[in-house]
Amino acid sequence: MATGRIGNGPGDPSAVPYAVETVPVFGICMGHQLLGQDLGGKTFKMKFGHHGGNHPVRNLRTDHVEISAQNHNYAVVPTTLPEGVEVTHINLNDGSCAGLAFPAQRIMSLQYHPEASPGPHDSDYTFREFVELMKWNIDKKRDLQLSAVSASGA
Ligand SMILES: NC(=O)CC[C@H](N)C(=O)O
């Protein structure tokens, strides 16, 4: 997943469990493909790809159909994704993977472009979903900090 370097510091590392946390990630298009690969999945080159602003996708969680802007030639192979990774959207023209989620690490991604503008706004809700993931992370970090402070007796 996201890589980085955590530097040196004073004191007992067990007193700061909140210092290491997973950060919510929202991947779009290439970001979706790279997340799919990072989670253990494979990608493949499509025969024609999807290009244009009128591609129907189905949200498998809500069963709603959204019109989407798309511009890609590769896609994630759903059957190669490991346990715990959920396919959240499919392209209704060819059944290809149009979105995935890994809730355990607060990861979400879309193959298409919800940010497209001008373009359809059917998928604006996905940005609100990502804001909720970030809020959850902030609340969890605060709770961990509070419990670490009370455990230390400070
Ligand atoms: N718009 C993109 O990010 C394209 C991703 C990748 N190069 C593809 O063609 O599928």
Side-chain angles (χ1 to χ4, degrees), residues 1-9 13 16-145:
M1 201 42 243
T3 57
R5 179 187 173 279
I6 299 176
N8 60 329
V16 284
Y18 52 83
V20 181
E21 60 176 340
T22 56
V23 179
V25 176
F26 184 5
I28 293 176
C29 207
M30 175 71 100
H32 163 82
Q33 296 164 359
L34 293 175
L35 281 169
Q37 289 179 342
D38 192 62
L39 290 168
K42 301 267 186 270
T43 54
F44 73 103
K45 188 168 187 331
M46 305 167 80
K47 190 169 184 183
F48 300 111
H50 297 144
H51 304 279
N54 62 348
H55 292 259
V57 299
R58 181 188 302 281
N59 180 325
L60 299 179
R61 287 176 171 174
T62 63
D63 217 25
H64 289 170
V65 176
E66 304 161 24
I67 297 303
S68 65
Q70 309 227 2
N71 182 29
H72 68 104
N73 296 301
Y74 294 83
V76 172
V77 181
T79 53
T80 63
L81 293 168
E83 186 76 27
V85 180
E86 175 192 355
V87 174
T88 56
H89 297 72
I90 57 165
N91 187 300
L92 288 180
N93 286 335
D94 60 8
S96 61
C97 175
L100 62 83
F102 185 40
Q105 287 195 2
R106 284 172 298 292
I107 288 171
M108 58 185 283
S109 70
L110 295 173
Q111 179 60 76
Y112 58 93
H113 291 271
E115 81 288 2
S117 178
H121 293 279
D122 297 13
S123 304
D124 285 0
Y125 73 89
T126 58
F127 293 100
R128 290 189 292 276
E129 281 185 356
F130 185 56
V131 168
E132 288 309 310
L133 282 182
M134 291 189 285
K135 282 180 183 172
W136 188 93
N137 227 58
I138 291 167
D139 293 347
K140 171 174 161 282
K141 181 174 179 178
R142 187 191 57 238
D143 295 348
L144 279 171
Q145 285 171 330

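All values below were derived from every heavy atom in this structure, side-chain atoms included, with hydrogens, water molecules and symmetry-related copies excluded. One-based numbering, in listed order, for ligands and for the atoms of each.
Interface of H113 with ligand 1, defined as ligand atoms under 4.0 Å from a residue heavy atom, comprises 1 (N). If you number the atoms of ligand 1 from 1 as listed, the ones under 4.0 Å from a heavy atom of N71 come out as 1 (N), 2 (C), 4 (C). Of all atoms in ligand 1, numbered sequentially from 1 with element shown, those under 4.0 Å from a heavy atom of Y74 are 8 (C), 9 (O), 10 (O).
Side-chain contact annotation: H64 with E66, donor-acceptor N/O pair under 3.5 Å absent. Side-chain atoms of H50 and N91 form a donor-acceptor pair, as typed in the model, at a separation below 3.5 Å.
Taking a 6.0 Å sphere around OH of Y74, one finds it holds 12 or fewer heavy atoms contributed by other residues, nucleotides or ligands. At most 12 non-hydrogen atoms from other residues, nucleotides or ligands lie less than 6.0 angstrom from NZ of K47.
Judged by distance alone, the side chain of D122 and the main-chain N or O of I67 form a donor-acceptor pair under 3.5 Å.
The distance criterion of under 3.5 Å between nitrogen or oxygen atoms is not met by H72 with respect to ligand 1.
A salt bridge is defined here as a Lys NZ or Arg NE, NH1 or NH2 lying under 4.0 Å from an Asp or Glu carboxylate O, and R142 with D139 meets this definition.
Regarding atom 7 (N) of ligand 1, its nearest protein heavy-atom neighbour is M30 CE, 3.9 Å. Scanning the protein heavy atoms around atom 8 (C) of ligand 1, the nearest turns out to be N73 N, 3.4 Å. In terms of protein heavy atoms, atom 5 (C) of ligand 1 is closest to Q33 OE1, 3.7 Å. The protein heavy atom nearest to atom 2 (C) of ligand 1 is C29 SG, 2.9 Å.
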Exercise for review: In sequence, state the C-alpha distance, the side-chain angles, and the governing distance for L81 and F102, and then conclude on side chain to side chain contact (heavy atoms under 4.5 Å, CB included).
Suggested key: CA-CA 10 Å; L81 293 168; F102 185 40; over 6 Å; no
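Residue contacts with ligand 1 leave out M46, since none of its heavy atoms falls under 4.0 Å from the ligand.
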